[in-house]
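Beneath this line is the structure, given in structure tokens, with notes to follow.
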Amino acid sequence: MDDRILPRTLKGFRDYLPQAMLVREQIMDTARRVFRSFGFSPIDTPALEYLEILLGKGGAETDKQLYRFQDHGGRDVGMRFDLTVPLARFAAQHIGELGTPFKRYHIATVWRGENTQAGRYREFMQCDFDTIGTRSTAADAETVLVAHELLRSIGFERFTIHVNNRMVLNGLLASLGLAERTTEILRAIDKLAKIGPDRVVEEMTQTAGASHEQASRVVQLVRLTGGNEAILAQLRPLLGNSPLGEEGLERLTELLSAVRAGGVPDHRIKLDVSIARGLDYYTGTVLETILDEVPDIGSVCSGGRYDNLAELYTKQQLPGIGASLGLDRLLAAMEKLGMLPETQTPAQVLLAYFDPARLGDYFQLAGALRAAGVCVEVFPEPAKLGKQLQYADRKKLRLAVIAGEREFAAGECQVKDLSTGESLTVSLADGAAELLQTVKQILGLGDANGP
RNA sequence: GUGGCUAUAGCUCAGUUGGAUAGAGCGCCAGAUUGUGGCUCUGGAGGUCAAGGGUUCGAGCCCCUUUAGCCACCCCA
């Protein structure tokens with residue numbers, strides 16, 4: 001009888017094999033580099049928070065998706081479902097020693113107990129960056145610049161950052177007397193692209209209790225098309241002299257010109273009045289980034305301004321703006337686009353363990369190569385050379401370094417290029433200087449004198 | 001969370017109206033080739049047919065439950 005345990009993972013939770021993990025780490029490295037280049041500092045917070053910290057921050061839906069339980073001490077706790085709410089708590093708690101403005105990035109796992117789909121998991125990773133303690137539109141514009149730079153650095157060219165400002169929508173709703181039903185209205189607006197204007201009107205009248213005329217006014221505004229300038233011009237007369245709407249408009253205008261000045265080409269930034277976002281805490285700028293080739297995968301980098309989030313934890317005014325890069329959604333997109341490399345190991349060089357009596361020499365050579373910045377793997381057993389080369393070939397290593405009795409006797413070794421099959425013989429004299437030089441040159445590592 | 005579709009070897013998939021030891025391609029391991037990978041040839045390992053229960057003389061196939069994946073709704077990274 002087989003009473004062994006079935007090896008399996010929970011729905012929406014996944015293992016990451018080396019091939020997947022190498023890309024994940026590469027993207028995280030890229031994100032870190034971009035964040036740091038804009039002056040964002042790293043932080044981390046606990047996976048587990050007191051339930052009261054997390055509840056009611058993102059809306060009814062996120063409350064439902066929250067993983068919650070009692071810990072061994074009977075405390076009600078929850079696993080973070082995003083990195084923004086923990087940031088609000090973190091800022092309220094530490095802003096005194098951090099000072100404002102405070103810019104941080106946070107790359108970490110979050111959990112949501114929702115139903116899974118392609119590119120949607122219950123455990124996934126976000127790369128967040130936020131600026132706390134300023135209402136300046138410059139921070140909003142910089143957020144867009146970072147999003148743009150992130151996508152570019154990861155290797156995307158065809159994508160569009162959709163921006164909007166909730167003040168515009170809220171201003172209109174207030175002037176229409178629909179302020180009380182903002183959440184329902186915004187939710188309906190979000191579906192515009194998917195279900196079309198008629199059904200959006202229908203949903204607004206049914207679920208938000210709007211009149212047909214009110215709903216039509218909202219949809220008219222949200223449907224505006226054309227270039228960014230054209231939309232701005234059309235927007236103004238539709239806002240019914242709402243001061244809030246006016247401010248939103250001004251901020252959008254300022255944002256768009258700042259972003260353009262910052263180097264984002266016009267075709268990658270689009271004013272889209274229908275971008276509302278479901279999270280309750282957004283108050284101003286909102287943004288979503290859609291990959292033009294795989295729009296169905298949804299936004300891969302989104303966020304917005306939340307000027308009241310920390311007020312739940314502190315009296316101090318802590319406005320903030322930020323966005324989140326969805327690592328796992330991005331990977332799903334890259335897979336669809338065939339952008340994932342087949343790399344299965346970080347090793348660049350296989351050092352063949354060939355002569356059983358020479359292990360010490362192999363370790364010494366490997367050490368010298370590593371000190372020169374090369375990732376080297378020594379084959380773990382003195383197997384047949386053919387087998388070792390086959391292993392290196394399959395794992396797609398670039399080079400094999402081969403030294404047996406003959407080479408050692410002559411004070412040299414072979415450097416074999418696994419893609420061409422060509423082999424060079426180099427000297428091991430002077431601390432294997434020629435070997436190091438050759439390997440670095442082939443791998444394009446360059447040294448202090450190199451290009 | 002609700003609804004629909006799906007689950008056969010590591011991967012992609014065959015498997016007839018329910019019928020005998022469940023197959024193929026690719027991959028993997030070994031040998032041909034004990035100092036040189038990718039090609040070729042030969043041999044081999046690998047499956048409680050997702051799990052559990054039921055109907056039947058007999059279930060990979062039919063029924064129920066569970067789990068997981070995909071799709072839609074919802075929402076979102």
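Naming convention: chains lettered A, B, ... in sequence-line order (proteins, then strands); numbering from 1 in each chain. Computed over heavy atoms, backbone and side chain alike; hydrogens, waters and symmetry mates excluded.
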Protein-nucleotide distance ([X], atom [atom1]; [N], atom [atom2]), rounded to Å:
X	N	atom1	atom2	answer
A:Arg120	B:A72	CZ	C1'	11 Å
A:Asp393	B:G37	CG	P	10 Å
A:Gln19	B:C11	CD	C1'	13 Å
A:Arg68	B:G1	CZ	P	15 Å
A:Leu389	B:U34	CG	P	14 Å
A:Arg14	B:G69	CZ	C1'	13 Å
A:Phe13	B:G69	CZ	P	11 Å
A:Ile402	B:G37	CD1	C1'	9 Å

Quiz item: When the ring planes of A:Tyr282 and A:Tyr306 are compared, do they come out parallel, tilted or perpendicular, using 30° and 60° as the limits?
Solution: tilted

Quiz item: Are A:Phe379 and A:Tyr391 an aromatic pair by the rule of ring centers under 6.0 Å?
Solution: yes

Quiz item: Are the aromatic ring centres of A:Phe35 and A:Tyr105 under 6.0 angstrom apart?
Solution: yes

Testing the basics here: between [X] and [Y], what is the closest heavy-atom pair and its distance to 0.1 Å?
X	Y	value
A:Arg33	A:Ser153	NH2-CB, 4.3 Å
A:Thr438	A:Val426	OG1-CG1, 3.6 Å
A:Tyr313	A:Ala88	CE1-CB, 3.6 Å

Self-check item: A:Arg80 side-chain N/O to A:Thr109 backbone N/O, donor-acceptor pair under 3.5 Å
Solution: yes

When you compare [N] with [M], how far apart are their [atom1] atoms, in angstrom units rounded to a whole number?
N	M	atom1	answer
B:G69	B:C11	P	15 Å
B:A68	B:U40	P	42 Å
B:G47	B:G10	P	7 Å
B:C39	B:G27	P	7 Å
B:G60	B:U48	P	14 Å
B:A24	B:C70	P	30 Å

Pick base, sugar-phosphate or nothing for [X], based on heavy-atom distances below 4.0 Å to the nucleic acid.
X	result
A:Ser423	nothing
A:Ser419	base
A:Lys395	nothing
A:Tyr391	nothing
A:Gly386	sugar-phosphate
A:Glu422	nothing
A:Gly119	base
A:Gln388	nothing
A:Leu325	nothing

Self-check item: Atom pair CG/CE of A:Asp307 and A:Met167 - distance to nearest 0.5 Å
Solution: 6.5 Å

Quiz prompt | salt bridge (charged side-chain N to carboxylate O under 4.0 Å, His left out) contacts in which one or both residues fall within residues 419-434 of chain A, not counting sequence neighbours | solution = none

Self-check item: Residue closer to the 5' end of RNA chain B, A:Ala392 versus A:Lys194 (nearest nucleotide)
Solution: A:Ala392

Quiz item: So which one's nearest nucleotide on RNA chain B is more toward 5', A:Ile297 or A:Gly404?
Solution: A:Gly404

Practice problem: Answer yes or no: is there a side-chain heavy-atom contact under 4.5 Å between A:Thr9 and A:Arg14? | Solution: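 A side-chain contact under 4.5 Å is absent here.
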
Quiz item: Can you find a heavy atom in the side chain of A:Ile402 that is under 4.5 Å from one in the side chain of A:Lys416?
Solution: yes

Exercise. May I ask you to evaluate whether A:Gln117 reaches the phosphate of B:A72, defined as a side-chain N or O under 4.0 Å from OP1 or OP2?
Key: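 The answer is yes; a side-chain N or O of A:Gln117 sits under 4.0 Å from OP1 or OP2.
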
What pairs of nitrogen or oxygen atoms, one from the protein and one from nucleotides 64-68 of chain B, lie under 3.5 Å apart?
from: B:A68; atom 1: OP1; to: A:Lys11; atom 2: N; distance (Å): 3.1

Practice problem: Name every residue in residues 343-356 of chain A that has at least one heavy atom under 4.0 Å from any atom of RNA chain B, in order of residue number, or write none if there are no such residues. | Solution: A:Phe354

Self-check item: Residues in side-chain hydrogen bond (donor to acceptor under 3.5 Å, both in side chains) contact with A:Ser216, at least two apart in sequence or another chain
Solution: none

Exercise. Quick one: list whatever passes side-chain hydrogen bond (donor to acceptor under 3.5 Å, both in side chains) with A:Glu123, sequence neighbours left out.
Key: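 Testing A:Glu123 for side-chain hydrogen bond (donor to acceptor under 3.5 Å, both in side chains), a comparison that skips the adjacent residues, returns A:Trp111.
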
Quiz prompt | Sequence-distant partners of A:Asp272, side-chain contact (heavy atoms from CB on, under 4.5 Å), two or more places apart | solution =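 Listed in chain order: A:His162, A:Ser274, A:Ile275.
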
Exercise. Would you sort out whether A:Arg112 and A:Asp82 count as a salt bridge (Lys or Arg N to Asp or Glu O under 4.0 Å), showing the intermediate values?
Key: CA-CA 9 Å; A:Arg112 292 182 194 174; A:Asp82 72 2; 5.2 Å; no

Give every donor-acceptor pair under 3.5 Å between a side-chain atom in residues 350-359 of chain A and any protein atom, sequence neighbours left out.
from: A:Asp355; atom 1: OD1; to: A:Ala357; atom 2: N; distance (Å): 3.1
from: A:Arg358; atom 1: NH1; to: A:Asp361; atom 2: OD2; distance (Å): 2.9

Listed pairs, N/O of protein and of nucleotides 28-30 of chain B, under 3.5 Å:
from: B:C28; atom 1: OP1; to: A:Arg394; atom 2: NE; distance (Å): 2.3
from: B:C28; atom 1: OP1; to: A:Arg394; atom 2: NH2; distance (Å): 3.1
from: B:C29; atom 1: OP2; to: A:Arg394; atom 2: NH1; distance (Å): 3.4
from: B:C29; atom 1: OP2; to: A:Arg394; atom 2: NH2; distance (Å): 3.2
from: B:A30; atom 1: OP1; to: A:Lys387; atom 2: NZ; distance (Å): 3.3

Quiz prompt | Proximity to the side chain of A:Ala118 - top-ranked nucleotide from B:G69, B:C71, B:C74 | solution = B:C71

Quiz item: Between B:G31, B:C73, B:C70, which one does the side chain of A:Lys384 approach most closely?
Solution: B:G31

Quiz prompt | salt bridge (charged side-chain N to carboxylate O under 4.0 Å, His left out) involving A:Lys384 - partner list, sequence neighbours excluded | solution =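 A:Lys384: no salt bridge (charged side-chain N to carboxylate O under 4.0 Å, His left out) contacts found.
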
Self-check item: Sequence-distant partners of A:Phe408, ring pair (Phe, Tyr, Trp, His ring centres under 6.0 Å), two or more places apart
Solution: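 A:Phe408 satisfies ring pair (Phe, Tyr, Trp, His ring centres under 6.0 Å) with A:Tyr362 only.
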
Check: protein-nucleotides 3-8 of chain B nitrogen or oxygen pairs below 3.5 Å:
none

Self-check item: For RNA chain B, the dot-bracket pattern of Watson-Crick and G-U pairs whose distances stay under 3.5 Å, | for other-strand partners
Solution: (((((((..((((.....[...)))).(((((.......))))).....(((((..]....))))))))))))....

Quiz prompt | Candidates A:Lys11, A:Arg120, A:Arg122 - the one meeting salt bridge (charged side-chain N to carboxylate O under 4.0 Å, His left out) with A:Glu114 | solution = A:Arg120

